[in-house]
Amino acid sequence: MNPYIKFLHQIREISKLDEFPRMTPLSKLIFDQVALYEAMGNPLAVREMLSFNEIASPATIHKHLSALRRSGYVFATSDGNDKRTKHLVVSSQGHRYINFLSKAIKKAAVSSFNWMCTLQDL
C-alpha cells in the first residue's frame, strides 16, 4: 500500500478511538495552529487566533475553539500580569493525540523507506 495512503488510513483509525473525541477538519486545522505556536514557544492568544481570517470567520473559529476546549484538546490560560489576554495551550490529552499522530507518521515513513528499497531492488 502506498505510504501516504497508509498514513491517511492510520489517522482515520486513530480518530475512531474512544480515547480521542472526534474533530472536524476545521477544528483539526485550528488545533494544529495552537500546537504549532506552542511548539515554537509563543502560545497563541485567543484574540490572535480569531484574527486568522484565512481559516474562517471569527465566529466560526470561536465555535470550533469552544468545541476543542470542551473535548479537552486545548485550554486557555491567562498571563499573570494581564488577566484579559487568554493564551491557548495544548492539554495533556492534546499532547497524547499529537504523540499518536507522530507514531503514525514514523510508521508511515519506515513503510515508505521499505517500499522505496523494494522498488530499487526491481
Quick one: closest heavy-atom pair of [X] and [Y], and the distance?
X	Y	value
Gly72	Gln93	O-CB, 3.5 Å
Ser27	Leu68	O-CD1, 3.6 Å
Ile61	Met49	CD1-O, 3.4 Å

Between [Y] and [X], is there a side-chain heavy-atom distance shorter than 4.5 Å?
X	Y	value
Val90	Tyr97	no
Arg70	Pro21	no
Phe52	Leu29	no

Any chance you could measure [X], atom [atom1], to [Y], atom [atom2], to the nearest 0.5 Å?
X	Y	atom1	atom2	answer
Glu48	Gln33	CD	CD	10.0 Å
Asn53	Thr60	CG	OG1	11.0 Å
His64	Leu26	NE2	CG	4.0 Å
Ile55	Leu50	CD1	CG	10.5 Å
Leu44	His87	CG	NE2	8.0 Å

- Task: Examine distances only and state if a side-chain atom of Tyr37 and a backbone atom of Leu88 form a donor-acceptor pair shorter than 3.5 Å.
- Result: no
- Test item: Ser91 side-chain N/O and Tyr73 main-chain N/O as donor-acceptor pair under 3.5 Å: yes
- Query: Would one find more than 12 heavy atoms of other residues, nucleotides or ligands at under 6.0 Å from atom NE2 of His95?
  - Reply: yes
- Item | Greater than 12 external heavy atoms within 6.0 Å of Lys28's NZ | yes
- Item | Hydrophobic cluster identity match, Phe75 and Val46, side-chain contacts under 4.5 Å | no
